[in-house]
Amino acid sequence: MQKFLLIFLLFTATAAKAQKVDSIYVHLYTDSLKKGTYNYINIDGLLSNGIYQPLDSNDIMFSASDGEFHGNSLWIDNNFNKEKVTIKVVLKTNPVLYREFTLFIKKKLDDEHLKTSEEILNEIRNKPKRKDN
């Protein structure tokens with residue numbers, strides 16, 4: 001019985017690792033790239049069993065028209081003056097599977113004032129109460 005269980009577990013582990021990537025998808029957290037920071041490029045693979053799996057630089061070759069990749073993150077220099085970057089991701093185990101897409105550089109400055117916890121709590125405390133009918 002133990003031999004059967006061991007063989008079953010080995011077969012299951014081998015079958016789980018044997019899932020291959022059927023297609024790759026780009027799921028970005030933002031619609032533009034920020035200058036002077038690392039921009040994470042989220043790539044998912046759809047496995048042959050229907051499950052999505054995150055892919056990283058172990059699975060994907062990253063390239064870009066500008067900037068420099070560090071793993072899944074694209075560094076855009078503060079002095080960058082173009083308005084967009086073209087990115088290409090290629091599956092290492094099957095170079096036929098790739099995605100190429102363009103991301104624009106964020107133009108608006110990040111100077112928006114975000115409320116502090118204290119400011120939000122004060123607004124809640126001072127908000128007029130509704131009268132229910």
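Keep in mind that what you see is a predicted model, and the values were worked out from it rather than measured.
In this structure, Lys20 NZ and Leu46 CG are separated by 10.5 Å, a value rounded to the nearest 0.5 Å. Between atom CG of residue Asn122 and atom NZ of residue Lys115 there is a gap of 11.0 Å, rounded to the nearest 0.5 Å.
Here the rule is side-chain contact (heavy atoms from CB on, under 4.5 Å) with Phe69, and of Leu74, Val89, Asn39 only Leu74 fits it. The residue from Ile87, Ile41, Ile43, Leu33 that alone fulfils the side-chain contact (heavy atoms from CB on, under 4.5 Å) condition with Leu28 is Ile41.
Between the side chain of Glu123 and the backbone N or O of Ile120, no donor-acceptor pair lies under 3.5 Å. Counting only distance, with no hydrogens or angles, the side chain of Arg99 and the backbone of Ile24 share a donor-acceptor pair below 3.5 Å. Within the 3.5 Å criterion, the main-chain N or O of Ile105 finds no donor-acceptor partner in the side chain of Ser32. Of the possible polar contacts, none joining the Lys106 side chain to the Lys34 backbone as a donor-acceptor pair under 3.5 Å is found.
Figure legend: Lys88 and Phe62 shown without cation-pi pairing, the cationic atom not lying both under 6.0 angstrom from the six-membered ring centre and within 45 degrees of its axis.
Looking only at side-chain heavy atoms (C-beta outward), Asp44 and Gln53 stay at 4.5 Å or farther from each other. Proximity of Asn42 to Asn72: side-chain heavy atoms (C-beta onward) are nowhere separated by under 4.5 Å.
One finds no salt bridge joining Lys92 and Asp59 here, because no Lys/Arg side-chain nitrogen approaches an Asp/Glu carboxylate oxygen to under 4.0 Å.
Counting heavy atoms of neighbouring residues, nucleotides and ligands inside a 6.0 Å radius, atom CZ of Phe101 exceeds 12 of them.
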